[in-house]
There are 2 protein chains.
Amino acid sequence: MAVGTRERLVEAAATSFMRQGYAGSGLKQITVESRAPFGSLYHFFPGGKVELAAEALRWAGAGYAQLVAAVLDASPDVVTAVGDAFAAAAHTLEATGYADACPIATVALEVASTNEPLREVTAEIFESWLDGLTARFAGEGIAPERARELAVLFVAALEGGFLLSRAARRVEPMEALGRTVAEAVQAALPAHA
Amino acid sequence: MAVGTRERLVEAAATSFMRQGYAGSGLKQITVESRAPFGSLYHFFPGGKVELAAEALRWAGAGYAQLVAAVLDASPDVVTAVGDAFAAAAHTLEATGYADACPIATVALEVASTNEPLREVTAEIFESWLDGLTARFAGEGIAPERARELAVLFVAALEGGFLLSRAARRVEPMEALGRTVAEAVQAALPAHA
DNA sequence: GCTCTAGTAGAGCGATCACTCTAGCCCCGG
DNA sequence: CCGGGGCTAGAGTGATCGCTCTACTAGAGC
């Protein structure tokens with residue numbers, strides 16, 4: 001078995017979907033990259049490409065949520081933490097040649113009007129991200145509705161930053177967003193000096 | 001000729017790329033929807049799918065820039081205008097069943113790591129949007145660097161809003177972003193009361 | 001009337017797509 | 001020693017992909 005054929009398939013699928021999108025990723029290529037026999041794919045995922053994609057999205061979405069949470073928890077000051085998160089995203093972009101960004105966004109835009117089951121999966125992932133962030137901001141004494149607005153701003157800006165920075169192959173947009181979003185969080189803090 | 005086979009091809013291509021992405025759009029389907037003979041496609045676009053996509057992206061990108069500029073110019077107060085732009089985007093999403101959003105973003109994410117010529121086209125379009133918005137904000141007396149930051153925030157939030165709202169099929173994220181971004185612009189105004 | 005070009009029209013190319021099918025391997029309980 | 005399920009393994013399916021090719025038509029210039 002060795003590290004699990006199923007896990008290798010999910011990982012390779014997540015990477016392929018992140019970089020080439022859903023329609024642009026071939027199942028053959030995914031099996032080759034995960035060194036899995038083609039037949040195993042349909043053994044583990046009888047639902048085919050859609051089921052594999054759903055699993056890959058959920059796996060990558062949970063992993064990314066953990067990553068962001070870790071960065072945010074690294075700093076006691078929430079304003080600094082928000083800035084750090086955008087800086088970390090910018091650094092990852094540069095380090096991977098602008099290939100590794102959000103593992104969900106590309107697929108989410110592709111399937112939003114063409115594949116209802118996958119659209120629902122992406123919606124659940126984004127909602128779980130927003131819930132986590134809303135709780136994080138609310139924990140700083142920010143009112144729930146305001147905390148939710150900031151969570152939406154955080155995720156939307158991060159995703160927009162990935163889009164602009166990947167297209168331009170420059171981290172400047174992501175860095176600028178880090179400053180602006182951090183300021184917005186600062187302004188929403190109850191006892192901001 | 002009748003309204004131009006070439007124009008119909010570009011329009012149909014832009015719509016298809018917006019809703020289904022680049023890899024998910026077939027040339028056959030585009031020719032059918034534009035009622036153009038398949039041979040004409042390669043007569044007008046000898047470069048094939050890439051050349052057609054480049055033209056469609058540029059056409060749609062210029063049109064969308066005009067649309068946003070029109071909404072922004074409709075209100076003399078820039079803060080209100082920014083809010084109106086997000087409200088208009090939310091309204092369009094609802095009216096089209098969350099199908100018509102940004103004509104560039106989906107393709108931009110798809111091609112960012114897989115198709116260098118198209119990546120450059122999307123970069124140029126985003127940069128032209130940012131230039132226009134930066135000038136608009138600078139015209140309100142905001143310092144150039146700050147105006148650029150706000151332009152990046154505006155575009156990133158709009159794109160992020162499209163992503164979140166399309167995935168969730170709810171306009172709440174887009175509306176929340178309208179409030180937050182308008183506030184950020186308000187705060188950056190030189191003589192804000 | 002003639003040619004020449006722009007554009008129409010679509011059959012057909014090899015390649016690749018998602019997916020199905022059969023066959024065989026390995027290991028475990030009996 | 002045997003049988004059966006979990007998994008490997010890949011050939012083969014029809015459909016569709018982007019693209020090429022040839023043939024044809026309409027109108028302008030001489």
Side-chain angles (χ1 to χ4, degrees), chain A residues 1-57 59 106-107 110-111 113-119 121, chain B residues 1-57 59 106-107 110-111 113-119 121:
Chain A
M1 203 177 285
V3 201
T5 304
R6 187 189 158 93
E7 283 78 2
R8 291 205 313 276
L9 275 169
V10 170
E11 278 193 47
T15 304
S16 182
F17 289 145
M18 171 173 64
R19 298 189 182 167
Q20 302 165 229
Y22 180 72
S25 294
L27 295 184
K28 206 98 180 187
Q29 177 201 340
I30 290 173
T31 59
V32 169
E33 278 174 12
S34 57
R35 292 177 308 282
F38 193 81
S40 296
L41 198 162
Y42 280 87
H43 171 75
F44 290 115
F45 305 97
K49 194 178 188 181
V50 171
E51 191 180 342
L52 173 63
E55 182 97 354
L57 287 173
W59 177 80
T106 310
V107 177
E110 273 186 282
V111 302
S113 301
T114 59
N115 193 313
E116 185 60 14
L118 285 184
R119 192 224 100 218
V121 172
Chain B
M1 203 177 285
V3 201
T5 303
R6 188 191 158 94
E7 282 80 1
R8 291 205 313 277
L9 275 169
V10 170
E11 279 192 47
T15 303
S16 182
F17 289 146
M18 171 173 63
R19 299 188 183 168
Q20 302 166 229
Y22 179 72
S25 294
L27 294 184
K28 207 99 180 189
Q29 174 200 341
I30 290 173
T31 58
V32 168
E33 277 174 13
S34 56
R35 293 178 306 282
F38 193 81
S40 295
L41 198 162
Y42 280 85
H43 171 76
F44 290 116
F45 305 96
K49 194 178 189 181
V50 171
E51 190 180 343
L52 173 63
E55 183 97 353
L57 287 173
W59 177 80
T106 310
V107 177
E110 273 186 281
V111 302
S113 301
T114 59
N115 192 314
E116 185 60 15
L118 285 184
R119 193 224 98 220
V121 171

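The analysis underlying the following values was restricted to heavy atoms, covering all of them including side chains, and did not include hydrogens, waters or symmetry mates. Numbered from 1 within each chain, the chains take letters A, B, ... in sequence-line order.
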S.K.: Just how far, in rounded Å, is P of D:dC19 from CG of B:Leu52?
M.R.: 10 Å
S.K.: Round to the nearest Å and state the distance from B:Arg35 atom CZ to C:dG10 atom P.
M.R.: 14 Å
S.K.: Is the shortest distance from a Lys or Arg side-chain nitrogen in A:Glu116 or A:Arg119 to a carboxylate oxygen in the other one below 4.0 Å?
M.R.: yes
S.K.: Just the rounded figure in Å: distance from P of D:dA9 to CZ of A:Phe44.
M.R.: 11 Å
S.K.: Given side chains that start at C-beta, do those of B:Leu27 and B:Phe38 come closer than 4.5 Å, heavy atoms only?
M.R.: yes
S.K.: Do A:Tyr22 and A:Lys49 come close enough that some side-chain heavy atom pair is under 4.5 Å?
M.R.: yes
S.K.: Can you measure B:Tyr42 atom OH to C:dG10 atom C1' for me and round it to whole angstrom units?
M.R.: 14 Å
S.K.: What is the nucleic acid contact for A:Ser25, judged by heavy atoms within less than 4.0 Å: base, sugar-phosphate only, or nothing?
M.R.: sugar-phosphate
S.K.: Between atom NE2 in B:His43 and atom P in D:dT22, what is the gap in whole Å?
M.R.: 17 Å
S.K.: Side chain of B:Lys28 only, please: which of C:dG7, C:dG12, D:dT8 is the nearest?
M.R.: C:dG12
S.K.: Return the value, rounded to whole Å, for the distance between atom CZ of B:Phe38 and atom P of D:dC17.
M.R.: 10 Å
S.K.: Would you indicate what B:Gly39 reaches in the nucleic acid, counting non-hydrogen atoms under 4.0 angstrom: base, sugar-phosphate, or nothing?
M.R.: base
S.K.: Could you state the atom-to-atom distance from CG of B:Leu9 to P of D:dC19 in whole Å?
M.R.: 14 Å
S.K.: For A:Tyr42 and A:Gly48, which heavy atoms make the closest approach, and how far apart are they?
M.R.: CE2-CA, 3.5 Å
S.K.: Do A:Met18 and A:Thr106 make a side-chain contact, defined as non-hydrogen atoms from C-beta onward lying under 4.5 Å apart?
M.R.: no
S.K.: Rounded to the nearest angstrom, tell me the gap between atom CG in A:Leu118 and atom C1' in C:dA18.
M.R.: 14 Å
S.K.: Taking the side chain of A:Ser40 as its heavy atoms from C-beta onward, which of D:dC17, D:dT8, C:dT8 lies nearest to it?
M.R.: D:dT8
S.K.: For C:dG7, take OP1 and OP2 only and decide whether either is under 4.0 Å from a side-chain N or O of B:Thr5.
M.R.: no
S.K.: Would you indicate which nucleotide in C:dG10, D:dC7, C:dA9 comes nearest to any side-chain atom of B:Pro37?
M.R.: C:dA9
